[in-house]
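Every heavy atom of this structure was used, including side-chain atoms; hydrogens, water molecules and symmetry mates were not. Keep in mind that this is a model prediction, so the values were computed, not measured.
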Amino acid sequence: MSVSEFENLLQQLAPSLTKEQTHYRNPIDPEQRLAVCLRFLSTGDSYRTIASSFRLGVSTVASIVSETCDALWHCLRDEHLPVPTEEMWRSTARRFHERWNFPNCLGAMDGKHIYIQAPANSGSLYFNYKGTFSVVLLALVDADYRFLVVDVGSYGSNSDGGIFANSVLGKALRDGTLNVPPQSELPGAPELGKVNHIIVADEAFPLKPYLLRPYPGRRLPTEKRIFNYCLSRARRISENVFGILSQRFRVFQRTLQVQPSVVDKVVKAACVLCNYLRPNGNDQNHATEDDHDCEQTLQGFEHCRGQRASEEAQNVRELYKEYFNSPAGEVTWQYDHVNHGLGNR
């Protein structure tokens with residue numbers, strides 16, 4: 001974060017962070033409050049360490065972090081994480097086609113476990129399949145490594161698919177109330193007709209008319225492997241975003257020793273700050289537009305299992321499979337990657 005970005009952020013947050021002056025003591029100024037919160041997010045240091053560095057009380061630091069994260073979310077979300085409009089969806093779909101050769105894509109979705117200390121008397125609610133305790137961040141991201149929608153606070157014991165089904169995003173997509181653009185033709189393939197705008201995800205999610213997942217099973221025919229490769233190339237953006245998030249805010253590389261309600265505030269503040277620091281969607285030193293190496297992700301699809309899906313959802317996936325195996329939708333290197341993957345088995 002540059003000095004100008006810090007000052008601009010402080011200017012937006014100052015009204016929310018300014019405390020009333022009393023006869024007993026001077027309040028901690030907004031600049032120091034913001035610095036304490038950013039120190040916690042960027043390093044993951046304990047409250048005691050930060051308290052020693054800023055010569056504050058431990059409980060004071062805990063209060064500052066919680067209040068400032070809350071202020072960050074409420075002050076920045078309308079500008080940097082707004083409710084998507086139809087024009088925003090169209091812009092995202094256009095960028096996915098330009099950068100990752102996947103048309104009509106509204107975003108890539110995945111879940112990330114945020115490790116926490118087990119809350120008292122919580123039983124196995126937060127116990128996840130990795131053997132740790134966590135809350136889940138479910139995120140939908142665009143083609144330029146920016147968050148579009150975030151859902152925070154689900155129990156670590158829940159699956160990504162279950163969290164999505166019960167989330168506001170999942171319910172809005174199911175009910176058709178999310179301003180999603182109408183069906184449109186795939187570029188260069190009018191013979192396939194108009195198809196749905198979709199979200200790409202991994203095998204943890206169910207196949208829906210608006211949600212594509214890879215074909216399950218081993219020894220798939222070449223056409224299905226090519227579809228899985230193209231989907232993987234677009235879907236991995238969500239994993240890249242989580243990597244950027246944890247590298248920029250190293251608090252996520254440690255186990256958070258705070259209450260789940262504070263964890264929710266910390267995660268939401270970090271997500272909106274990520275978008276604040278990338279106002280133009282610039283990917284800086286991350287994956288480039290001609291970066292198409294995702295062999296490991298492609299091979300991993302051999303072990304995924306199918307879930308019962310509707311005929312409509314299967315037909316949508318079949319249309320995309322035909323598109324990526326046609327001259328209009330293929331990329332020049334996809335056959336080399338698929339053949340290379342077959343040679344390694």
Side-chain angles (χ1 to χ4, degrees), residues 1 6 9-10 12-19 28 30-51 54 56-83 111-120 122 125-126 128 132-141 146-156 158 163 167-169 241-242 244-277:
M1 180 181 292
F6 178 85
L9 184 60
L10 178 61
Q12 296 184 59
L13 295 180
S16 301
L17 299 182
T18 302
K19 301 298 181 180
I28 300 172
E31 183 175 4
Q32 189 171 13
R33 287 176 173 273
L34 181 57
V36 167
C37 182
L38 293 179
R39 167 74 177 273
F40 174 76
L41 293 175
S42 61
T43 65
D45 286 345
S46 66
Y47 288 161
R48 188 171 298 278
T49 300
I50 297 175
F54 286 86
L56 298 170
V58 176
S59 61
T60 303
V61 171
S63 176
I64 287 175
V65 168
S66 178
E67 292 175 3
T68 307
C69 285
D70 205 29
L72 282 166
W73 172 251
H74 287 97
C75 291
L76 298 180
R77 65 178 179 179
D78 290 339
E79 180 179 356
H80 298 284
L81 202 58
V83 177
K112 174 180 175 59
H113 286 272
I114 309 296
Y115 300 119
I116 63 172
Q117 185 179 32
S122 63
L125 282 177
Y126 294 93
N128 61 49
T132 60
F133 294 87
S134 64
V135 298
V136 179
L137 163 63
L138 183 71
L140 178 68
V141 304
R146 287 170 54 88
F147 290 99
L148 288 173
V149 180
V150 296
D151 182 273
V152 189
S154 298
Y155 299 130
N158 295 339
I163 294 170
S167 67
V168 175
L169 172 63
V241 170
F242 290 148
I244 295 169
L245 179 72
S246 62
Q247 285 297 317
R248 175 166 279 157
F249 301 108
R250 300 198 174 188
V251 67
F252 299 122
Q253 297 183 12
R254 303 189 179 189
T255 300
L256 289 172
Q257 309 285 330
V258 296
Q259 292 297 317
S261 59
V262 180
V263 174
D264 295 351
K265 295 179 182 180
V266 168
V267 174
K268 291 192 292 186
C271 291
V272 77
L273 274 175
C274 262
N275 283 6
Y276 171 77
L277 295 173

Task: side chain to side chain contact (heavy atoms under 4.5 Å, CB included) involving Ala51 - partner list, sequence neighbours excluded - done: Val58, Val61
Task: Heavy-atom neighbours of Phe242 CZ exceed 12 at 6.0 Å - done: yes
- [ ] Carefully, step by step, assess Arg248 and Cys274 under the rule side-chain contact (heavy atoms from CB on, under 4.5 Å).
- [x] CA-CA 8 Å; Arg248 175 166 279 157; Cys274 262; 4.3 Å; yes
TODO: Would you mind listing every salt bridge (Lys or Arg N to Asp or Glu O under 4.0 Å) that reaches into residues 67-79, with sequence neighbours excluded?
DONE: Lys19-Glu67, Arg33-Glu67
Task: Expected output: side-chain Asn275 to main-chain Arg146 donor-acceptor under 3.5 Å - done: no
Open item on the list: I need the minimum non-hydrogen distance between Ala269 and Cys69, along with the two atoms involved.
Closed with: CB-O, 3.7 Å
Open item on the list: Could you work out, with side chain to side chain contact (heavy atoms under 4.5 Å, CB included) as the rule, every residue matching Pro119, not counting sequence neighbours?
Closed with: Ile116, Ser122, Tyr126, Pro260
Task: Contacts of Gln117 that satisfy side-chain hydrogen bond (donor to acceptor under 3.5 Å, both in side chains) - sequence neighbours left out - done: Gln257
Task: Nearest non-hydrogen partners of Phe249 and Ala270, listed with the distance - done: CE1-O, 3.5 Å
Open item on the list: For Leu76 and Leu81: C-alpha separation, side-chain torsions, deciding distance, then whether side-chain contact (heavy atoms from CB on, under 4.5 Å) applies.
Closed with: CA-CA 7 Å; Leu76 298 180; Leu81 202 58; over 6 Å; no
- [ ] Under the side-chain hydrogen bond (donor to acceptor under 3.5 Å, both in side chains) rule, collect the residues that match up with Lys265, sequence neighbours excluded.
- [x] Ser66
TODO: To the nearest 0.5 Å, tell me how far Leu17 CG sits from Ile28 CD1.
DONE: 11.0 Å
- [ ] Would you indicate whether the side-chain heavy atoms of Phe252 and Val267 approach each other to under 4.5 Å?
- [x] yes
List, one per line, each side-chain donor-acceptor pair under 3.5 Å for residues 134-141, sequence neighbours excluded.
{"from": "Ser134", "atom 1": "OG", "to": "His113", "atom 2": "ND1", "distance (Å)": "2.8"}
{"from": "Ser134", "atom 1": "OG", "to": "Asn128", "atom 2": "ND2", "distance (Å)": "2.7"}

Open item on the list: A side-chain contact here means heavy atoms from C-beta on lying under 4.5 Å apart; do Leu13 and Pro30 qualify?
Closed with: no
Task: Pair Ser46-Thr49, side-chain donor/acceptor within less than 3.5 Å - done: yes
Task: Full working for side-chain contact (heavy atoms from CB on, under 4.5 Å) between Lys112 and Ile114 - done: CA-CA 6 Å; Lys112 174 180 175 59; Ile114 309 296; 3.9 Å; yes
Task: Test side-chain hydrogen bond (donor to acceptor under 3.5 Å, both in side chains) applied to Thr43 - qualifying residues, sequence neighbours left out - done: Asp45
Open item on the list: To the closest 0.5 Å, what do you measure between CG (Leu9) and CE (Met1)?
Closed with: 5.0 Å
Task: Reported SG-to-CG distance for the pair Cys271 and Asp151, which is rounded to 0.5 angstrom - done: 10.5 Å
Task: Atom pair CG/OG of Leu56 and Ser63 - distance to nearest 0.5 Å - done: 11.0 Å
- [ ] Take Phe6 and Leu38, measure what side-chain contact (heavy atoms from CB on, under 4.5 Å) needs, and give me the verdict at the end.
- [x] CA-CA 10 Å; Phe6 178 85; Leu38 293 179; 3.8 Å; yes
Task: Pairwise distance OG1(Thr68) to CD(Gln32) - rounded to 0.5 angstrom - done: 10.5 Å
Open item on the list: To the nearest 0.5 Å, what is the distance between CZ on Phe54 and CZ on Arg39?
Closed with: 5.5 Å
Task: Partners meeting side-chain hydrogen bond (donor to acceptor under 3.5 Å, both in side chains) with Ser42 (sequence neighbours left out) - done: none
- [ ] List in chain and number order the residues that pass side chain to side chain contact (heavy atoms under 4.5 Å, CB included) with Arg250, two or more places apart in sequence or in another chain; answer none if no residue qualifies.
- [x] Gln247, Gln253
Task: Test ring-ring contact (aromatic ring centres under 6.0 Å, His included) applied to Tyr47 - qualifying residues, sequence neighbours left out - done: Phe40
